[in-house]
Amino acid sequence: TVTVTAAPSAGTLSGTDVICSTSSTTFSSTTIGGTWSSGNTAIATINASTGVITPVSTGTATMTYTVTGTGGCTNATATRDVTITAGPVAGTLGGTQSICTSGGTNTTTFTSSSAGGTWSTSDATVATIDANTGVISPVGAGTATMTYTVAGSGCPDATATRTVTVTAAPSAGTLSG
């Protein structure tokens with residue numbers, strides 16, 4: 001009697017392949033019964049049975065799913081890379097926080113110690129801000145919050161805020177006499 005054993009299959013792998021260093025993800029296979037391993041545990045570890053990936057540092061690691069062969073068949077493997085990214089930093093914001101509606105100092109520029117972000121205003125009826133340069137122009141008296149956002153790749157966006165107060169220009173009144 002000759003027994004013929006079907007070769008194992010590791011299946012098709014899936015799961016989010018770019019994640020933030022502060023989160024986790026789970027890889028899965030269309031074939032059950034295999035085990036997971038990480039090709040670089042200094043970057044990410046993976047639970048051998050559940051496929052849950054835990055970041056260790058930034059970089060890329062290859063995860064391998066192995067289904068054991070039986071009856072003289074070799075093991076079947078499939079791989080999938082996971083890239084761990086660092087979360088963005090919005091940095092420290094700077095710039096004069098008081099401007100006048102007209103005359104005197106009527107513009108200011110906000111800056112961030114981190115590059116690559118964009119600016120927005122909480123109240124365009126008080127002040128507008130150039131999304132790229134951070135130049136603030138007064139519109140009316142009041143206070144507005146300016147937000148600097150740095151987009152995350154696989155991570156949540158990082159934001160930092162700074163307020164600007166717009167003061168109405170003083171008036172000397174009407175002179176007569």
Side-chain angles (χ1 to χ4, degrees), residues 1-95 109-124 128-136 144-163:
T1 304
V2 175
T3 302
V4 177
T5 305
S9 167
T12 302
L13 306 184
S14 61
T16 303
D17 58 355
V18 177
I19 63 169
C20 187
S21 60
T22 59
S23 61
S24 64
T25 190
T26 303
F27 277 4
S28 60
S29 173
T30 55
T31 300
I32 60 171
T35 56
W36 291 97
S37 62
S38 172
N40 190 343
T41 56
I43 300 294
T45 61
I46 189 165
N47 181 290
S49 58
T50 65
V52 173
I53 296 170
T54 303
V56 176
S57 65
T58 59
T60 300
T62 300
M63 301 300 166
T64 302
Y65 187 69
T66 303
V67 176
T68 304
T70 59
C73 294
T74 59
N75 295 345
T77 61
T79 62
R80 184 170 177 85
D81 287 346
V82 64
T83 300
I84 312 300
T85 61
V89 176
T92 302
L93 304 184
T109 302
F110 278 3
T111 60
S112 173
S113 59
S114 292
T118 57
W119 292 97
S120 61
T121 182
S122 66
D123 191 345
T128 61
I129 189 165
D130 184 284
N132 299 310
T133 65
V135 172
I136 299 169
T145 300
M146 302 301 168
T147 302
Y148 186 70
T149 304
V150 179
S153 174
C155 295
D157 293 347
T159 60
T161 60
R162 188 167 177 88
T163 59

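In this structure, Tyr65 contributes its side chain and Thr31 its backbone to a donor-acceptor pair below 3.5 Å. A distance-only check finds no donor-acceptor pair linking the side chain of Asp17 to the backbone of Val82 [under 3.5 Å]. With Arg80 contributing its side chain and Phe27 its backbone, the two residues share no donor-acceptor pair below 3.5 Å.
Between Thr45 atom OG1 and Asn40 atom CG the span is 11.0 Å, to the nearest 0.5 Å. Thr147 contributes atom OG1, which lies 12.0 Å from atom CG of Asp157 (distance to the nearest 0.5 angstrom). Here the CD1 atom belonging to Ile129 is positioned 10.5 Å from the OH atom belonging to Tyr148, to the nearest 0.5 angstrom. To the nearest 0.5 angstrom, Ile46 atom CD1 is 7.5 Å from Ser38 atom OG.
Val67 and Ser9 make their closest contact through CG2-O, 3.5 Å (heavy atoms, listed as atom of the first residue, atom of the second, distance). Pro88 and Ala151 make their closest contact through CB-O, 3.8 Å (heavy atoms, listed as atom of the first residue, atom of the second, distance). In plain terms, the two heavy atoms of Ala76 and Pro8 that are nearest each other are CB-O, 3.3 Å. Of all non-hydrogen atoms in Ala86 and Ser21, the two that sit nearest each other are CA-OG, 4.0 Å. The minimum heavy-atom distance linking Leu93 with Trp119 is given by the pair CD2-CH2, 3.7 Å.
With sequence neighbours left out, the side-chain contact (heavy atoms from CB on, under 4.5 Å) criterion links Ser114 to Val89, Ser112. A search for side-chain contact (heavy atoms from CB on, under 4.5 Å) contacts involving Thr30 returns Thr12, not counting sequence neighbours. Qualifying side-chain contact (heavy atoms from CB on, under 4.5 Å) partners for Thr35, counting only residues two or more places apart in sequence or in other chains: Thr66. Considering only residues two or more places apart in sequence or on other chains, Thr128 meets the side-chain contact (heavy atoms from CB on, under 4.5 Å) condition with Ala124, Ser137, Val139.
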Please report the C-alpha distance between Trp36 and Thr26 in whole Å, then the side-chain angles of each, then the deciding distance to 0.1 Å, and finally whether the side-chain contact (heavy atoms from CB on, under 4.5 Å) criterion is met.
CA-CA 11 Å; Trp36 291 97; Thr26 303; over 6 Å; no
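Residue pairs meeting the disulfide (SG to SG under 2.5 Å) criterion with at least one member in residues 14-47, sequence neighbours excluded: Cys20-Cys155.
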Name every donor-acceptor pair, under 3.5 Å, that has one atom in a side chain of residues 52-63 and the other anywhere in the protein, sequence neighbours excluded.
from  : atom 1 : to    : atom 2 : distance (Å)
Ser57 : OG     : Ala42 : O      : 2.8
Thr60 : OG1    : Thr83 : OG1    : 3.1
Thr62 : OG1    : Asp81 : OD1    : 2.6

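No side-chain donor-acceptor contact under 3.5 Å links Thr118 and Thr149. In this model, a donor atom of one side chain and an acceptor atom of the other lie less than 3.5 Å apart for Ser49 and Asn47.
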